[in-house]
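The next block holds one structure in the form of structure tokens; read it before the comments.
Order of the sequence lines sets the chain letters (A, B, ...), proteins ahead of strands, with each chain counted from 1.
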Amino acid sequence: MSIDADIDISAESAPKKDIFYVTTPIYYVNDVPHIGHAYTTVNADFIVRYHRLAGEQVFFLTGTDEHGQKIAQAAEANGVSPQEWADRIHPRWREVWERLEISYDDFIRTTEDRHIKPVQELVQRLYDQGDIYLATYTGPYCVACEAFYQPSEIVGGLCPIHERPVEWIEEENYFFRLSAYADRLIELYESRPDFVQPDIRRNEVLSFVRSGLQDLSISRTSFSWGVSIPWDPRHVMYVWLDALQNYTTAVGQGTDPDRFARTWPADLHLIGKDILRQHAIIWPAILMAAGFDLPRKVFAHGFLTVGGKKMSKTSLTGISPHLLLDTFGSDGYRYHFLREGTFGQDGPFSWESMTARYNADLANDLGNLVSRSLAMTTKNFDAVVPAPGESTPLEDALLAAGVLAAEQMDERVRKLDPAGALGAVFEFVRAVNHYIDDTAPWKLAKDPAQRERLGTVLHTVCEAIRQISILISPAMPSASRRIREQLGIGPVDSRPLSESVISGTSLVGVKVTKGDSIFPRVEVEKPA
RNA sequence: GGCGGCGUAGCUCAGAGGCAGAGCAAGCGGCUCAUAAUCGCUGUGUCGGCGGUUCGAUUCCGCCCGCCGCUACCA
């Protein structure tokens with residue numbers, strides 16, 4: 001026990017993990033952003049903003065993956081160097097994230113020194129300890145995929161994905177001993193069922209690993225646009241080996257031990273289901289080899305479908321985030337992709353359903369609630385929130401509904417159910433509209449004897465809108481801000497919802513300003 | 001072929017061994033403060049098909065039909 005006590009003392013001085021760390025994938029600068037990318041990032045931002053709102057310390061990372069053959073090819077086709085190409089494309093991503101109000105704390109680019117150096121150090125270490133070895137690999141290779149295939153997969157000499165001829169390549173490659181980690185990976189999935197979520201993805205990963213793992217080819221000599229292998233510069237790293245490490249290099253891997261200790265492991269790697277294997281198998285194996293802690297959770301969401309079909313690249317790029325942003329704004333955009341469908345499963349996307357949902361929930365229910373409430377406050381009390389008189393069971397019930405919404409939201413965000421979380425908030429919005437109908441303040445206003453009662457009702461409504469402005473802030477930061485401006489109050493505090501939502505009568509005497517509609521209705525016609 | 005998932009109201013989806021649910025859309029009514037808004041009321045569903053276990057299954061099991069995912073490196 002005395003030995004333990006000594007350890008405790010030293011542990012006390014060492015920094016401990018105290019930051020909630022969320023990542024998105026880093027996006028390939030080969031592509032311009034489409035709504036699928038934004039789907040991942042918007043959901044991550046919602047989760048992050050919620051945790052910040054609840055008063056937690058958070059670190060939110062996104063970025064761009066800038067190495068690999070496809071980028072070299074794209075650069076060449078455009079007559080510039082790969083680095084120039086990456087420099088030119090990567091702002092396209094930042095622009096979209098700006099417009100979508102993505103509150104990332106850091107944006108990492110894999111071509112930055114702060115990334116490359118620690119990556120090389122770690123890979124060198126894995127080589128030195130025997131996790132990486134040299135071997136000759138021969139097989140069919142698709143340039144577009146940047147990947148070798150199993151001979152059995154090649155149909156008629158064509159790549160199964162791109163349907164173009166594969167090249168038969170013999171290459172001297174470095175390999176990572178992925179197979180050596182199979183047992184530990186299986187143990188990981190079994191002992192921590194939450195590591196890979198949803199369950200269906202966990203099952204896929206588990207059965208894949210159980211079927212046996214081959215070692216992973218982690219270097220290329222056929223092109224040079226990548227992080228070079230430090231002990232053998234003829235080779236550059238396979239993009240995933242480089243890219244995955246963004247999650248650790250961004251938080252101090254090999255450069256800032258204190259920061260690393262406070263941030264790593266990631267609490268959540270949010271990804272699309274297409275890159276599940278890299279995150280659920282390769283990445284943990286690399287981390288095991290490196291001796292780092294493993295992420296707490298890898299969550300793979302589903303894809304958007306269009307017209308009931310899997311979204312193709314062409315249909316995806318056909319729907320630009322900018323087009324939707326022009327019509328619905330960042331709030332409408334974010335709301336739709338958080339609220340519609342079940343996170344984790346594939347879900348349909350259509351302009352019609354997005355418009356319908358926007359008008360029903362945002363314009364009619366919430367926007368109009370703000371509008372009617374502030375109009376009545378303006379008309380009856382010179383735009384100053386009145387002091388409440390005695391409350392009735394109606395007020396008590398509404399207060400309880402607000403508290404319930406906050407509780408349910410908390411529970412559902414932590415279960416990674418954004419749609420459910422917002423569902424709870426909008427149930428409260430409906431309850432407030434209902435309350436106004438029940439109390440009929442426009443009738444009270446006609447009877448001078450009911451002046452105090454009218455004050456109670458309008459105070460209660462304004463207070464409820466204040467609560468709503470807090471609850472929607474992770475989903476719709478701009479709308480939250482605009483509502484609070486009209487209410488005459490400042491930005492949302494960062495503290496537990498139980499405190500901020502239930503904070504009583506702070507609005508009395510505040511001057512409100514009925515401004516522009518928070519959510520103007522959108523016509524159904526889709527722009528050409 | 002192997003492993004797994006899905007099939008519930010017009011649409012998107014919840015659900016659970018014991019009287020079938022929500023939101024949207026639709027219809028009717030109320031109200032008039034508000035963004036033709038809000039509030040109330042109203043449906044129809046052989047809960048994919050056929051068997052089995054059970055006092056009782058849409059929920060558990062088997063088979064079948066139809067979609068889909070994974071099966072070595074595409075958000």
Side-chain angles (χ1 to χ4, degrees), chain A residues 24-28 30-31 33-41 70 142 144-150 152-153 161-162 178 198-208 210-218 238-241 271-278 281-282 301-305 308-311 313 316 339-342 345-348 350 352-353 356-357 359-380 419-420 423 426-427 430 432-445 457-458 461 514 516-521:
Chain A
T24 72
I26 50 174
Y27 299 102
Y28 212 44
N30 184 36
D31 237 344
H34 61 230
I35 60 175
H37 303 114
Y39 182 57
T40 313
T41 301
K70 268 183 283 188
C142 172
C145 298
E146 263 180 62
F148 282 100
Y149 280 90
Q150 301 298 307
S152 61
E153 291 178 288
I161 290 169
H162 294 87
L178 185 60
D199 282 338
I200 180 175
R201 302 303 157 205
R202 173 175 172 269
N203 289 340
E204 283 178 7
V205 167
L206 194 48
S207 64
F208 182 85
R210 279 189 176 138
S211 73
L213 290 180
Q214 296 171 16
D215 288 344
L216 182 73
S217 163
I218 52 130
Y238 167 55
V239 281
W240 277 105
L241 178 65
I271 59 169
K273 65 183 184 181
D274 55 320
I275 50 173
L276 177 63
R277 187 176 306 142
Q278 289 82 355
I281 298 173
I282 297 174
H301 68 246
F303 282 176
L304 303 170
T305 58
K309 291 180 205 158
K310 194 168 124 182
M311 215 173 232
K313 266 226 158 106
L316 270 174
R339 181 75 176 88
E340 201 70 42
T342 303
Q345 294 176 22
D346 288 359
S350 75
E352 291 72 19
S353 69
R357 173 69 82 175
N359 283 335
D361 289 5
L362 298 184
N364 296 353
D365 285 354
L366 178 53
N368 181 57
L369 169 64
V370 173
S371 176
R372 68 196 300 210
S373 303
L374 296 188
M376 287 188 282
T377 304
T378 301
K379 192 182 297 177
N380 295 298
F426 275 76
E427 225 167 283
R430 278 192 289 278
V432 182
N433 275 318
H434 193 163
Y435 168 84
I436 293 176
D437 218 67
D438 282 350
T439 52
W442 52 90
K443 280 186 191 161
L444 299 174
V457 168
L458 291 181
V461 169
K514 183 167 167 17
D516 294 339
S517 292
I518 306 293
F519 301 107
R521 286 180 64 86

Fill in the blank from the handout: Exactly one of A:L458, A:V461, A:V457, A:L444 clears side chain to side chain contact (heavy atoms under 4.5 Å, CB included) with A:M376, and that residue is A:L458
Exercise for the section: Verify, without hydrogens or angle tests, whether A:Y39 (side chain) and A:L304 (backbone) share a donor-acceptor contact under 3.5 angstrom. Expected result: no
Exercise for the section: Identify all stems in which RNA chain B takes part, counting only runs of at least 3 consecutive pairs (Watson-Crick or G-U wobble, each distance under 3.5 Å), and give each as one range with another, ordered by first number. Expected result: B:1-7 with B:65-71, B:10-13 with B:21-24, B:26-29 with B:39-42, B:48-52 with B:60-64
Problem - Aro-ring/base stack A:F303-B:A75, d under 5.5 Å, angle under 30° - result: yes
Practice task
Sticking with atom C1', work out how far B:U42 lies from B:A22, rounded to a whole angstrom.
Solution key: 16 Å
Practice task
Find the distance A:L362:CG to B:C24:P and express it as a whole number of Å.
Solution key: 13 Å
Practice task
Could you say whether A:M376 or A:S211 is positioned toward the 5' end of RNA chain B, judged by the nucleotide with the nearest heavy atom to each?
Solution key: A:M376
Handout entry: Under 4.0 angstrom between A:H301 side-chain N/O and B:A75 OP1 or OP2
Key = no
Problem - B:G1 to B:G45 separation - C1' atoms, rounded to the nearest Å - result: 38 Å
Problem - Distance, nearest 0.5 Å, that separates NE2 of A:H301 from NZ of A:K273 - result: 9.0 Å
Handout entry: Options B:U35, B:C33, B:G69, nucleotide nearest the side-chain atoms of A:K273
Key = B:G69
Handout entry: Nearest listed nucleotide, side chain of A:E204, among B:U35, B:C70, B:C74
Key = B:C70
Problem - Between B:C39 (C1') and A:D437 (CG): distance, integer Å - result: 4 Å
Exercise for the section: Look only at the side chain of A:N359 and the backbone of A:R521, and say whether a donor-acceptor pair between them is shorter than 3.5 Å. Expected result: no
Handout entry: Salt bridge A:E204-A:R201, side-chain N to carboxylate O under 4.0 Å
Key = yes
Practice task
Let me know the distance between CZ of A:R201 and C1' of B:C70, rounded to the nearest Å.
Solution key: 8 Å
Handout entry: Separation of the P atoms in B:U54 and B:C73, to the nearest angstrom
Key = 49 Å
Handout entry: Short side-chain N/O contact to B:C33 OP1/OP2 from A:N380, under 4.0 Å
Key = no
Practice task
Remember a base hit wins even if backbone is also touched, and classify A:I518 as base, sugar-phosphate or nothing at under 4.0 Å, heavy atoms.
Solution key: base
Exercise for the section: Pick the P atom in B:U32 and in B:U12, then give their distance to the nearest Å. Expected result: 38 Å
Fill in the blank from the handout: Closest of B:G69, B:A75, B:C31 to the A:K443 side chain is B:C31
Handout entry: A:F208 side chain, from C-beta outward: closest of B:G40, B:A75, B:U71
Key = B:U71
Practice task
Keeping the roles fixed (side chain from A:N433, backbone from A:D365), state whether a donor-acceptor pair exists under 3.5 Å.
Solution key: yes
Fill in the blank from the handout: Closest to the side chain of A:Q278, out of B:U35, B:C73, B:C33, is B:C73
Exercise for the section: Could you say whether A:D361 or A:L369 is positioned toward the 5' end of RNA chain B, judged by the nucleotide with the nearest heavy atom to each? Expected result: A:D361
Practice task
Measure from CZ on A:R277 to P on B:G69 and round the result to the nearest Å.
Solution key: 15 Å
Exercise for the section: Determine the contact category for A:I271: base if any of its heavy atoms lies under 4.0 Å from a base atom, sugar-phosphate if only primed atoms, P, OP1 or OP2 are that close, otherwise nothing. Expected result: nothing
Practice task
Write down the distance between CG (A:D365) and P (B:U38), rounded to a whole number of angstrom.
Solution key: 6 Å
Please list, pair by pair, any protein nitrogen or oxygen found under 3.5 Å from a nitrogen or oxygen in nucleotides 10-16 of chain B.
| unit_1 | atom_1 | unit_2 | atom_2 | d |
| --- | --- | --- | --- | --- |
| B:A14 | OP1 | A:Q345 | OE1 | 3.2 |
| B:A14 | OP1 | A:Q345 | NE2 | 3.1 |

Exercise for the section: Measure from the side chain of A:W442, starting at C-beta and using heavy atoms only, and say which of B:U32, B:A75, B:A72 lies closest. Expected result: B:U32
Problem - A:T378 side-chain N/O to A:L374 backbone N/O, donor-acceptor pair under 3.5 Å - result: yes
Practice task
Write down the distance separating the P atoms in B:U58 and B:U46, rounded off to the nearest Å.
Solution key: 13 Å
Problem - Nucleotide of B:U71, B:G23, B:U38 approaching A:R430 most closely (side-chain heavy atoms) - result: B:G23
Problem - Separation of the C1' atoms in B:C39 and B:G30, to the nearest angstrom - result: 8 Å
Completion exercise
Side-chain contact check for A:K379: nearest option of B:A75, B:C33, B:U71 is B:C33
Practice task
Just call it for A:I281: base, sugar-phosphate, or nothing, with non-hydrogen atoms closer than 4.0 Å on any strand.
Solution key: nothing
Fill in the blank from the handout: Side-chain atoms of A:R372 come closest, of B:A72, B:C33, B:C74, to B:C33
Exercise for the section: Would you indicate whether the side-chain heavy atoms of A:L213 and A:I281 approach each other to under 4.5 Å? Expected result: yes
Completion exercise
A:R357 atom CZ is separated from B:G23 atom C1', nearest whole Å, by 6 Å
Problem - Closest listed nucleotide, where the reference is the side chain of A:A363 and the choices are B:C73, B:C3, B:U35 - result: B:U35
